[in-house]
Every structure is written in C-alpha cells, then in structure tokens.
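For reference, the structure is listed below as structure tokens.
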Amino acid sequence: QAKQEGRGGFRYFSQGMTQAARERIRLEARLHRAIEQNELRVYYQPVVDIAGGGIVGAEALVRWQHPEEGLIPPARFIPVAESTGLIDAIGEWVLRETCRQGRQWMDAGLPALTLAVNMSPRQFRHRDIGATVAEVTAQTGFPATRLELELTESALMEPDAAELLQRLRATGVRLAIDDFGTGYSSLAYLQRFPLDVLKIDKGFVDAIPHGADRGAIATSIVGMGHSLGFKVLAEGVEKPEQLAFLHSLGCDMYQGYLKSPPLPPAEFERLLSPDR
Ligand code: C2E
Ligand code: MG
Ligand code: MG
Ligand code: MG
C-alpha cells in the first residue's frame with residue numbers, strides 16, 4: 001500500500017504491489033482491447049423442455065476468442081470485469097448480440113426460442129437497466145417477452161431489489177434466479193419478488209440420485225418452487241439417471257452436457273434444425 005505521498009510514494013506502491021494485483025491490471029487492459037477488437041463471442045447452450053423433449057430456448061454464455069491463447073472461459077475474466085466495472089460494457093454487448101442473434105433466428109424461420117442472458121449484480125444495480133433493456137430489444141427487434149434475464153441471489157439482497165425487478169419486469173422480460181441454492185435466500189424470501197424461473201445449481205443436480213443427499217435438495221426446490229408458482233430448471237445435467245429423476249419430480253426444463261455444451265451460433269442452428 002502507498003502510505004507515503006510524494007517522491008518515493010509511487011515507487012513504494014509499485015514495488016509493494018503483489019504479483020496478483022499486477023496481473024489483474026494487465027488483464028484489465030487486455031480485456032479493454034478485447035472489447036474494442038471484437039474478440040468476445042456468445043455461445044448458446046440449449047434449454048430442453050423435460051416433458052416434451054424439445055429445445056425451447058438457450059442460455060447465452062460469453063467467451064473471449066483470444067488470437068493467441070484461444071478460447072478463454074468466462075471464469076477467467078468475468079470476476080475482473082465485475083470488480084473493475086468493465087462488466088457494464090461486456091454485459092450490454094452480450095445482451096445486444098444475443099438479441100440481434102435471436103432476431104436473426106426468428107427471421108430465418110427457426111422455432112421460437114427464449115434466450116437467457118446473465119446479468120451481474122453490478123449491472124442490476126444500475127438505475128437505468130430497465131431503459132437499457134427496453135432500448136436494446138426495441139433496436140434489435142427481439143421481443144422482450146422472449147428474453148430472460150438471469151440474476152444471482154446476491155442481487156436480490158440489494159436494498160431496492162424489488163423496485164429494480166419491477167422496473168425490469170415492466171419491459172416484458174422474464175426473470176430467473178441463477179445457481180439457486182448456493183446463496184442465502186430462502187424460497188419464502190423469493191416469493192416477494194416478481195420472478196419466473198428458478199435455476200437449480202449444478203451442485204444439487206450432481207447429488208442425483210446417489211449423492212450424499214440422494215437428490216433431496218433438488219426434490220424440495222422443485223416442489224416448493226412449483227407451489228410458489230415458479231418454473232424450475234435444472235443446470236448441469238450430465239447423466240440419463242439425473243434426467244429421469246428430474247422428470248419424475250416434474251421439473252420443467254434442463255440444461256447440461258447430456259443434451260449439449262454451449263455452442264457457437266452456427267452449431268446451435270444445426271442442432272435445432274439438422275436437416276437444413
Ligand atoms: P452460469 O450462468 O451458471 O452458467 C452455467 C455454466 O455451467 C456454464 O459455464 C456452462 O458451460 C456450464 N455447464 C452447463 N452444463 C454443464 C454440464 O453438464 N456440466 C458442467 N460441468 N458444466 C456445465 P461457463 O459458460 O463457463 O460460464 C460460467 C459462468 O460465467 C456462468 O455460470 C455465469 O455465472 C458467468 N457468465 C457467463 N457468461 C456471462 C455473461 O455474459 N455475463 C455475466 N455477468 N456472467 C456470465
Ligand atoms: Mg446463468
Ligand atoms: Mg447457473
Ligand atoms: Mg452455475
């Protein structure tokens with residue numbers, strides 16, 4: 001830390017800076033460039049209707065297509081983007097690109113899809129987020145009613161979360177809680193918000209059917225979620241036994257490698273309409 005002001009201060013700061021802090025600053029600068037150079041990509045993971053078996057939507061997941069390092073997963077840059085504020089630009093770009101793609105798929109005659117976009121707590125805190133969403137859907141021509149925004153439980157802990165959610169909902173979008181069960185909010189707490197979908201975190205899906213809890217947590221999320229009027233989606237389904245168990249619970253939708261990993265748009269299109 002730079003305790004001294006003046007001449008020696010800066011030097012003291014740079015020498016004292018940890019390796020991790022230097023790497024963070026470097027990553028931030030590279031990420032800035034990545035946005036400008038159009039190196040971000042959106043991949044789409046299909047969302048499957050469990051009862052009907054069809055693909056009813058997709059989750060948009062950002063990647064960084066680095067010219068030398070290849071495809072960089074979001075876990076390596078979203079945390080830095082969140083803490084530096086770059087997530088605002090990245091998040092808006094992902095939203096716009098997803099809506100643009102969604103409109104293009106509509107125009108190409110692909111089956112109607114609901115597209116889900118992740119929203120960081122920082123984006124959610126912006127007072128004008130509702131206006132941004134309304135503007136992007138209007139400009140791209142993608143119906144807000146086909147857009148779903150995924151929020152984390154921590155976003156709901158904001159003091160004025162209810163008001164922000166109402167404002168978003170007023171644009172026509174659907175709202176989902178991502179990674180449900182990993183935070184500290186109870187289902188009773190969620191009830192007071194205008195939410196549509198609960199996404200059961202992969203951790204509880206992994207426990208189906210032979211894990212420590214034998215799927216007890218997934219079972220109770222589906223049951224209580226339904227009784228409170230939410231749709232329930234299971235994340236990270238990898239095995240047929242997990243899908244069979246979720247089906248028996250009446251869980252509405254799933255995502256997971258069992259169906260497909262996130263795909264670049266052209267591959268997602270082929271999965272949707274293999275005969276084209
Ligand atoms: P998430 O929103 O919970 O997304 C689900 C993650 O689980 C994705 O990882 C997906 O590839 C992975 N996944 C899906 N099915 C399976 C499966 O069957 N097995 C396994 N092992 N993994 C599965 P991904 O794409 O690496 O994204 C990680 C996280 O990064 C996301 O978690 C989300 O929190 C964040 N993220 C991704 N894109 C964005 C974005 O545009 N904005 C924001 N704010 N966050 C994003
Ligand atoms: Mg998500
Ligand atoms: Mg998730
Ligand atoms: Mg997750």
Side-chain angles (χ1 to χ4, degrees), residues 31 34-35 39-48 50 55 57-65 70-102 114-126 129 132-133 136 147-155 173-183 195-208 211 218 221 232-243 246 253-265 267-268 271:
L31 199 46
I35 299 168
E39 290 172 8
L40 298 183
R41 300 287 179 269
V42 179
Y43 276 44
Y44 298 87
Q45 184 177 38
V47 170
V48 181
I50 294 179
I55 296 174
E59 177 175 4
L61 293 154
V62 72
R63 273 99 182 84
W64 176 1
Q65 184 67 60
L71 205 61
I72 304 180
R76 285 208 11 229
F77 61 91
I78 291 284
V80 169
E82 174 81 29
S83 61
T84 57
L86 271 176
I87 193 70
D88 293 338
I90 294 175
E92 191 172 328
W93 181 83
V94 172
L95 177 67
R96 201 174 289 277
E97 172 56 20
T98 303
C99 289
R100 186 202 62 75
Q101 181 65 78
T114 296
L115 298 181
V117 174
N118 291 282
M119 179 158 290
S120 84
R122 187 186 162 108
Q123 277 179 284
F124 176 63
R125 277 197 295 271
H126 281 295
I129 183 66
T132 302
V133 168
V136 170
L147 184 63
E148 189 169 287
L149 300 177
E150 296 189 4
L151 303 161
T152 57
E153 287 174 76
S154 60
V173 299
R174 298 208 298 174
L175 300 174
I177 294 301
D178 206 351
D179 306 333
F180 183 71
T182 57
L195 303 170
D196 302 282
V197 179
L198 292 184
K199 300 189 75 169
I200 308 177
D201 189 70
K202 181 180 191 315
F204 307 119
V205 173
D206 288 342
I208 297 171
I221 295 176
V232 183
L233 182 153
E235 291 193 291
V237 176
E238 295 178 345
K239 300 174 186 155
E241 311 89 84
Q242 293 169 339
L243 178 58
L246 291 160
M253 293 160 286
Y254 84 94
Q255 285 173 239
Y257 293 173
L258 179 62
K259 181 65 181 180
S260 167
L263 301 170
E267 278 178 52
F268 180 75
L271 188 70

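None of the values given here were measured: they were computed from a predicted structure. Just follow the structure's listing: the first ligand is 1, and inside any ligand the first atom is 1.
At a heavy-atom cutoff of 4.0 Å, ligand 1 is contacted by no atom of V117, backbone or side chain. Proximity of K199 to ligand 1, defined as any heavy-atom pair under 4.0 Å, is not found for any part of the residue.
In this structure, Q242 contributes its side chain and E238 its backbone to a donor-acceptor pair below 3.5 Å. Panel note: side chain D196, backbone L175; a donor-acceptor pair is recorded below 3.5 Å. Put simply, the side chain of E92 never gets that close to the backbone of A89: no donor and acceptor are under 3.5 Å apart. A donor-acceptor pair under 3.5 Å is absent between the side-chain atoms of S260 and the main chain of Y257, judged by distance alone.
The two atoms that bring L151 and A155 nearest to each other are CB-CB, 4.4 Å, heavy atoms only.
Among the atoms of E150, no N, O or S atom is found under 2.8 Å from the Mg ion (ligand 3). In summary, D201 places no N/O/S atom under 2.8 Å from the Mg ion (ligand 3), failing the contact criterion. At a cut-off of 2.8 Å, E235 coordinates the Mg ion (ligand 3) through an N, O or S atom.
Backbone and side-chain nitrogen or oxygen atoms of Q255 are examined, and none is located within less than 3.5 angstrom of a nitrogen or oxygen of ligand 1. Taking any N or O of V62, backbone or side chain, at least one lies under 3.5 Å from an N or O belonging to ligand 1.
The atom of D179 that is an N, O or S and sits closest to the Mg ion (ligand 3) is OD1.
A distance of 9.0 Å separates CD in E241 from CG in L258, rounded to the nearest 0.5 Å. One finds the CD1 atom of I200 at 10.5 Å from the CE atom of M253 (value rounded to the nearest 0.5 Å).
Ring geometry, Y44 versus F268: the interplanar angle falls from 30° to 60°, so the pair is classed tilted.
Distances shorter than 4.0 angstrom occur between a heavy atom of P262 and an atom of ligand 1. For A75, the closest heavy-atom approach to ligand 1 does not fall below 4.0 Å. Using a 4.0 angstrom heavy-atom cutoff, R63 counts as in contact with ligand 1.
Near G256, the atoms of ligand 1 lying under 4.0 angstrom from a non-hydrogen atom of the residue are 15 (N), 18 (O). Near Q45, meaning under 4.0 Å from any of its heavy atoms, are these atoms of ligand 1: 14 (C), 15 (N). In summary, the atoms of ligand 1 found under 4.0 Å from a heavy atom of V94, numbered by their order in the structure, are 41 (O). Remark: ligand 1 atoms within the under-4.0 Å shell around heavy atoms of G236 are 15 (N), 16 (C), 17 (C), 18 (O). Interface of K202 with ligand 1, defined as ligand atoms under 4.0 Å from a residue heavy atom, comprises 17 (C), 19 (N), 20 (C), 21 (N), 22 (N).
Between the side chains of E59 and N118, at least one donor-acceptor pair of N or O atoms lies under 3.5 Å. A donor-acceptor contact closer than 3.5 angstrom links the side chains of K199 and Q255.
Considering only non-hydrogen atoms, atom 5 (C) of ligand 1 lies nearest to E235 out of E235, E238, Q242. With atom 46 (C) of ligand 1 as the reference point, the heavy atom nearest to it among I90, N118, T182, V42 is part of N118.
Contacts classified as salt bridge (Lys or Arg N to Asp or Glu O under 4.0 Å) and involving residues 71-82 (residues at least two apart or in different chains) are given here: E69-R76.
Here the angle at the Mg ion (ligand 2) defined by OD2 in D178 and OE2 in E59 stands at 180°, rounded to 10 degrees.
In this view, I78 and V62, P74, I87 satisfy the side-chain contact (heavy atoms from CB on, under 4.5 Å) rule, not counting sequence neighbours.
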